[in-house]
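Okay, so here's the structure we're looking at.
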Amino acid sequence: MDKTIGDVAAAVADIPDGASVMIGGFGGSGAPIELIHALIDRGPRDLTVINNNAGNGRIGIAAMIDAGMVRKIICSFPKSKDPRAFTEAYLAGRIELELVPQGTLAERIRAGGAGIPAFYTPTSFGTELAAGKPTAEFDGRGYVQERWLKADYALVKAEIADRHGNLVYRKAGRNFGPLMCMAAATTIVQATRIVEPGAIDPEHVVTPGLFVDRVVAVPHARQEEDLNIEGAVYA
Amino acid sequence: MDKTIGDVAAAVADIPDGASVMIGGFGGSGAPIELIHALIDRGPRDLTVINNNAGNGRIGIAAMIDAGMVRKIICSFPKSKDPRAFTEAYLAGRIELELVPQGTLAERIRAGGAGIPAFYTPTSFGTELAAGKPTAEFDGRGYVQERWLKADYALVKAEIADRHGNLVYRKAGRNFGPLMCMAAATTIVQATRIVEPGAIDPEHVVTPGLFVDRVVAVPHARQEEDLNIEGAVYA
Amino acid sequence: MSDIANIKLSNAQIAWRAAQDIEDGSYVNLGIGFPEMVARYQVAGRKAIYHTENGILDFGPAPAPGQEDWDLINAGKKAVTLNPGAAFFHHADSFAMVRGGHLDVAILGAFEVAENGDLANWSVGKSGVPAVGGAMDLVHGAKRVAVITDHVTKTGAPKLVERCSLPLTGVGCVTRVYTSLAVVDIEGGRFVLREKLAAISLGDLQAVTGATLNLDGPVADLIVPEL
Amino acid sequence: MSDIANIKLSNAQIAWRAAQDIEDGSYVNLGIGFPEMVARYQVAGRKAIYHTENGILDFGPAPAPGQEDWDLINAGKKAVTLNPGAAFFHHADSFAMVRGGHLDVAILGAFEVAENGDLANWSVGKSGVPAVGGAMDLVHGAKRVAVITDHVTKTGAPKLVERCSLPLTGVGCVTRVYTSLAVVDIEGGRFVLREKLAAISLGDLQAVTGATLNLDGPVADLIVPEL
């Protein structure tokens, strides 16, 4: 069993038009920039992107939007230091937005991975983001029913992966990664380092390999934030 | 901030009659035997115990039952190598049983800790364990609505704790521990070793300290299985 | 029928047959008891990763006697070992793997299996102490849920039936049954016979089966080694 | 009213006042932006542990310029540091902490707070790009949800109101408001004045408040240091 794959281009080579793609990261932390840019090189259209944000600057998800690849974004916070790409596309009606409270987004993704089709949460009860959703009262308090969220693919950045797909992350770069690995039909991981099975202590594994389909080494992965400070543009 | 407490007797000294108590462990792995025995010494009655099992031999939860402390058990598998204590009490009508599928039990406890009052699961749909529970169809498949499970106290065994309550476990002794820490109003942890904050790598923490209220050192903690092999009796 | 006892496969042989269908790279959960035996017959050259619902992925066989670590056990509470690449996780993550459909194969025992895929394997009725464990989760937990079982009960009653009479573990969940006499798929609410022992006629096999065995293409001989 | 601008507290002073109510050993989430300032005024001798929803517990202040690690950021995407005893976790665990009521205090900003405890702090209406982040989770996420805010808007309109006119963040969730003029509790669907600046009369304070300020016992002077 060896889930490693040669390069980022090969890792994303089968992502088709119309796919739903979860992309790890919170702002720049944990953003799998190299996988995203490989996907831009491939260029599928009409994608649904699930991420906490909606791109920053002219790289990563912002560059996907600029390239016209994204039909819809499901996120909690489509704002950033430089949100031009999303803002322009959204205000021009070229991109659809499903705005989801951050904790609900995380829980919906976990539910998708855990086989829980729906759950109740207090979050958004009584607000316009609950409009049209079923509600229920438990123990005298109102809750909103939320549905699971799954995707065709997940693109996730890890720090270390073994050949079986066991993962550890780096600091707050963990964020949505472990959840998205669970919730996608095909999970693609870029790791700074790939090691042999057994090199990661079984007590320290954060994402067990059964949630991971492909692992690609990106030893000199760039930080989205650093690229933005440099004024990088991916086009 | 120092959550350590002097000994196991002090750690459980306020657990009153009628309390609901989650107890970690799957069989003997992760069973907090010393905390359970301290609770037996204290002797509260009419307890509701939540555990995967219902005791084995004449120690631990089985000894709690023999001592007449347990009014109700919520568990998935009330059988063991030596299930006399539970079996006799159950067949004599002295103890109530709520039988819950193991994954549903785990998810209900997590939901209790995560502020999710109810969720839907395929597990038990169409079976007698779903009797009386609401059901719903999502995407053409039937699901059962299950409610969160919380408790007044949790007794959990960890391998290492720091003074802030950050925990790591030992092998498959982890099982229900991290979930029960989340779901109890007061979480009491016995740890083989207590260390200073910072001694556990932030990447390796399994249960963050905010879920833990009291930590007590039990450096020579016994394994339930070993005690049973020795024929131990706690009374 | 009296000669069924002489020709039928042993448990080890049923387990061996089930093991042949586990593909390289599969994630597998084996129910406690008899199904655990399938791991012994893993096909050489194929890597299967075994999941146990109490929180281990990629555990290995039992340690030598006296080497047991009782924090390192499987769902049947038997001591196990770890393979390189193993991982520990808590119970909610473990059943996320199960319920979320991340396992390729789950192999379970059965009291009864019905032609509609219903399984009864957790309760023989009202008396005694009921216990369910992870069975009701596992039947919804894998891309393929298979059963291994003797073809008939100890008293000779069919275990493959039209409708289960015992309390259900899950509805419409089983897709293949490996018995001591045959390999039977469940498709479209009916049993489809895939393999049978050469030593038993189709008629005799049907006679010990509680629902119609349908044919859909050739029926292969069920051939297993001496074990 | 023209002298409110001269007597009112600075943001730093509002943050200082809110910090005085954070007890030793508290787990605290500070909303992005202005609320982050509360951490600067943590009372000496008390340990508060700060949670950030992107998956860190017990983070510390910003690193020196040039020392930023952009994998070590808070919810506002600002670089932070770690204290001894810190922990990382994923987003579902992080919001389990929030939604599960495991935080002692959450301190948020506000566009409007109503006397029934409703909060509006995420959207000023239909135009532009909406963004909610973790605000709707945090309002249900702590044993005590407090707001820090100027007492009035930049145009002088009340921010403490009978009913919010802007889209709600949460229903009945706020229990205390620290403003630039006063400390106001929300109890039983009404505002209860606890402290006010000595320099403003009750009448003048009521005049810039959009709902009745009730009295329930003595009103203390709101006293803060120069900052």
Side-chain angles (χ1 to χ4, degrees), chain A residues 26-31 52-54 56 75-81 83 86-87 90-91 97 99-107 109-111 113-114 121-130 141-142 157 159 169-179 182 206-207 223-226 229, chain D residues 32 52-57 59 68-80 82 86-101 116 118-120 122-123 125-141 164 166-173:
Chain A
F26 180 88
S29 65
N52 186 64
N53 304 102
N56 185 13
C75 75
S76 87
F77 203 75
K79 292 185 176 172
S80 64
K81 273 188 200 145
F86 176 80
T87 303
Y90 177 73
L91 296 179
L97 170 66
L99 190 71
V100 182
Q102 196 174 138
T104 298
L105 182 63
E107 191 67 13
I109 297 170
R110 180 193 176 273
T121 175
T123 300
S124 92
F125 182 78
T127 78
E128 64 184 50
L129 291 191
R141 190 172 172 194
K157 182 181 185 178
E159 179 68 4
Y169 298 85
R170 184 168 183 277
K171 302 187 179 180
R174 188 182 302 195
N175 57 70
F176 285 90
L179 311 174
M182 297 168 68
V206 175
T207 293
Q223 212 349 299
E224 184 187 271
E225 189 73 21
D226 287 329
I229 289 168
Chain D
I32 67 177
T52 181
E53 51 265 46
N54 55 313
I56 318 175
L57 204 59
F59 66 96
E68 296 88 356
D69 178 341
W70 296 111
D71 283 340
L72 190 57
I73 59 176
N74 66 12
K77 283 142 193 152
K78 297 191 189 75
V80 295
L82 294 182
F88 296 114
F89 34 84
H90 62 52
H91 248 84
D93 281 349
S94 183
F95 280 90
M97 294 178 189
V98 172
R99 203 190 303 103
N116 59 3
D118 289 1
L119 173 67
W122 75 281
S123 168
K126 289 290 177 198
S127 68
V129 175
V132 65
M136 284 192 184
D137 305 281
L138 283 167
V139 296
H140 298 291
C164 293
L166 292 170
L168 292 186
T169 307
V171 170
C173 51

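Just so it is clear: chains get the letters A, B, ... in the order the sequence lines come, proteins before strands, and each one is counted from 1.
For A/Leu97, the part sitting under 4.5 Å from any heavy atom of chain D is the side chain, from C-beta outward, and nothing else. Looking at D/Phe95, only its side chain comes within 4.5 Å of chain A, counting heavy atoms on both sides. Using a 4.5 Å cut-off between heavy atoms, D/Thr169 touches chain A through its backbone atoms (N, CA, C, O) alone. Only the side chain of A/Arg110 comes within contact range of chain D, judged by heavy atoms closer than 4.5 Å. For A/Ser80, no part lies near chain D; criterion is any non-hydrogen pair under 4.5 Å. The contact between A/Phe26 and chain D is made by backbone and side chain atoms together, counting heavy-atom distances below 4.5 Å. In this structure, chain D has a heavy atom under 4.5 Å from the side chain of A/Phe86, while its backbone stays farther away. Heavy atoms closer than 4.5 Å to chain A are found in the side chain of D/Ile56, but not in its backbone. Only the side chain of D/Ile32 has a heavy atom closer than 4.5 Å to any heavy atom of chain A.
Each of D/Pro130, D/Gly141, D/Gly170 has some count of heavy-atom pairs under 4.5 Å with chain A, and the biggest count is that of D/Pro130. With respect to chain A, the highest number of heavy-atom pairs below 4.5 Å among D/Ser123, D/Ala120, D/Ser94, D/Gly128 belongs to D/Gly128. When each of D/Leu72, D/Leu138, D/Val98, D/Asp69 is scored by its heavy-atom pairs under 4.5 Å with chain A, the top score falls to D/Asp69. The greatest number of non-hydrogen atom pairs below 4.5 Å with chain D, out of A/Thr123, A/Leu129, A/Asn53, is found for A/Thr123. Counting heavy-atom pairs under 4.5 Å between each of A/Pro101, A/Gly173, A/Gly126, A/Ala106 and chain D puts A/Pro101 at the top. Among the candidates A/Ser29, A/Gly177, A/Gly103, the residue making the largest number of heavy-atom pairs closer than 4.5 Å to chain D is A/Gly103. Chain D forms the most heavy-atom pairs under 4.5 Å with one residue out of A/Val206, A/Thr127, A/Leu105, and that residue is A/Thr127.
Panel note: side chain D/Asp93, backbone D/His90; no donor-acceptor pair is recorded below 3.5 Å. Formation of a donor-acceptor pair under 3.5 Å by the D/Trp122 side chain with backbone atoms of D/Leu168 is found in this model.
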D/Arg99/A/Glu107 under side chain to side chain contact (heavy atoms under 4.5 Å, CB included): CA gap, chis, key distance, verdict
CA-CA 10 Å; D/Arg99 203 190 303 103; A/Glu107 191 67 13; 3.6 Å; yes

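Annotation: the span from D/Trp70 atom CH2 to A/Ile229 atom CD1 amounts to 5.0 Å, rounded to 0.5 Å. Between the NE2 atom of D/His91 and the CG atom of D/Asn54 there is a distance of 6.0 Å, given to the nearest 0.5 Å. Rounding to the nearest 0.5 Å places CD of A/Gln223 at 5.0 Å from NZ of A/Lys157. The line from CE of D/Met136 to CG of D/Leu119 is 9.5 Å long, rounded to the nearest 0.5 Å.
Take D/Lys77 and apply the salt bridge (charged side-chain N to carboxylate O under 4.0 Å, His left out) test, not counting sequence neighbours, and it matches no residue.
Inter-residue side-chain proximity for D/Glu53 and D/Asp137 is flagged as unmet; no heavy-atom pair is nearer than 4.5 Å.
Closest approach of D/Gly134 and A/Gln102 over heavy atoms only: N-NE2, 3.5 Å.
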